[in-house]
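Only one structure is covered here, and it is reproduced in the block below.
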Amino acid sequence: EDQEILEAQTQGVEGITFVKVESSRYALAIAAANFYDNPSRKLTLVGITGTNGKTTTVTLLHRMFTGLGYSCGLLSTIANYVGSRGSEAVNTTSDPLTINSLLSEMVEAGCEYCFMEVSSIGVEQDRVAGLKFKAGIFSNLTHDHLDYHKTFAEYLRCKKLFFDTLDKEAYAITNIDDRNGMVMMQNTKAKVVTYSCRSIADHTCRVIEQSFEGMLLKIDGTESWSPLIGQHNAYNLLAIYTTAVTLGADPEEVLVALSTLRPAPGRLENIRGPKDISVIIDYAHTPDALENVLKTLREIAPDRELICLFGCGGDRDRTKRPEMGKIAQKMADRIIVTSDNSRTEKTSDIMADIKGGMDLSGRAKSLFIEDRREAIRTAVMLAGQGATILLAGKGHETYQITGTEKTHFDEKEIVAEIFNDLAV
């Protein structure tokens, strides 16, 4: 039947060859790698997968190795870089043609390393098939993307598949504090390297103290200061350290470099305003990420009023919405639920799903404001002396998607405008 369809489609057409394959996605990935002369084999390619921490880890690895004197490439949620030349990214993990084209450009530009985010959807869709990774990093696995994968087990399977396909010359670097950290390693041929902030591992880290200005860490027994904050960033920094040392970097040089690394865009960015208000902008858009950020802010400023503003994306995993409402209720003094890329869903319906995770006490301290700009203004106006306001979900994004329309929306600009208005 397929042959008949092909013959019907190609009648009168000469010079075209059709190849029937089991998976066109996989075939495209292999063809793309071969077409560009397998560029992933000509540099050191490092991939990271996990629910949270991917962007921060690859961005800071790129900055660190660049600072250590290497020419590097970056493939991330925020941007793609060939050396110092950057371009906006569309997906966390691009299509195989784009990936191999960019890797080829990196090779031509003399890049020695490339650091790359590897999403579960990218693995499932064979976007990284045919690539040769020198190291794969596992950060953590929590609730996300179930709109696509349907079940957590399938989500886990796709993450694990990345490590299953690493070869024996590669390193599989894993966070053993995550309950799935060693599950990811069960079938890998790569050499396993472990890291932990709680138990014995190849590389360890402990937070000694922290403030809004940064934190003091003890990594493999040596103290190191970082301008990043939060236990989740301690894990990110430990993953960076472990990867760099595993790839042969000098541990002392790496610790010095860690102290100079600034946060990735939209990750716990702190804007100070009138009345000693701190507005924290963070990309947290999953239950685990929201809880991590709120916990960090509570630990740093336990006596400050904590206002949490967030929403959930439309046409995406609905099951995480009440979970995020429940977490905000537990950890914040005031809550403002608003829009966050509602897409083709009604914002009011999304907010109702979030509200479903709250009991009466949570709803009593919550406001539901569809217009995110107005919601931010309301949060600032409600904030008392020294309050902390978390704007969660947008992070580095400078747009809102309503229906199918994408409009400019930069929270840093909006906060600056509101603070300027208050100062007049």
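What you are looking at is a predicted structure, and each value in this text was computed from that prediction instead of being measured.
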Strictly below 4.0 Å, N to O, side chains only: are [X] and [Y] in salt-bridge contact?
{"X": "R267", "Y": "D282", "answer": "no"}
{"X": "E345", "Y": "R316", "answer": "no"}
{"X": "E411", "Y": "R372", "answer": "yes"}
{"X": "K189", "Y": "E169", "answer": "no"}
{"X": "R157", "Y": "D164", "answer": "no"}
{"X": "D353", "Y": "R318", "answer": "yes"}

Worksheet item: Around atom CZ of F162, are there more than 12 heavy atoms of other residues, nucleotides or ligands at under 6.0 Å?
Response: yes
Discussion item. On a heavy-atom basis, which atom in H203 and which in L238 lie closest, and how many Å separate them?
Written reply: O-CD2, 3.9 Å
Item to complete: Please report the closest heavy-atom contact between E370 and S339, naming both atoms and the distance.
Response: O-OG, 2.9 Å
Are [X] and [Y] side-chain neighbours, meaning at least one heavy-atom pair lies under 4.5 Å?
{"X": "I354", "Y": "C312", "value": "yes"}
{"X": "E413", "Y": "H408", "value": "yes"}
{"X": "T98", "Y": "D95", "value": "yes"}
{"X": "L45", "Y": "L103", "value": "yes"}

Worksheet item: Has the side chain of T56 got a donor or acceptor atom that lies under 3.5 Å from a matching backbone atom of G53?
Response: no
Item to complete: Report yes or no: does N233 contribute a side-chain atom to a donor-acceptor pair with the main-chain N or O of N236 at less than 3.5 Å?
Response: no
Item to complete: Run the numbers on E213 and N270 for side chain to side chain donor-acceptor pair (under 3.5 Å), then give the verdict.
Response: CA-CA 9 Å; E213 283 66 49; N270 184 7; 5.5 Å; no
Response to the item:
Taken to the nearest 0.5 Å, the spacing of E291 CD from E323 CD works out to 9.5 Å
Worksheet item: For the atom pair CD (Q329) and CE (M324), what is the distance rounded to the nearest 0.5 Å?
Response: 14.5 Å
Discussion item. For H62 and Y81, take the angle between the two ring planes, folded into 0 to 90°, and tell me which bin it lands in: parallel under 30, tilted 30 to 60, perpendicular over 60.
Written reply: tilted
Worksheet item: Where does the angle between the aromatic ring planes of F163 and F138 fall among parallel (under 30°), tilted (30 to 60°) and perpendicular (over 60°)?
Response: perpendicular
Practice prompt. From the options T57, D177, N175, D178, select the one residue that forms a side chain to side chain donor-acceptor pair (under 3.5 Å) with Y235.
Written response: D177
Practice prompt. State whether Y399 and K406 meet the cation-pi test: NZ (Lys) or CZ (Arg) under 6.0 Å from the six-membered ring centroid, and within 45° of the perpendicular axis.
Written response: yes
Worksheet item: Can you name the residues that form a ring-ring contact (aromatic ring centres under 6.0 Å, His included) with Y283, not counting sequence neighbours?
Response: H285, H396
Item to complete: Apply salt bridge (Lys or Arg N to Asp or Glu O under 4.0 Å) to K412 and list each qualifying residue two or more places apart in sequence or on a separate chain.
Response: E269
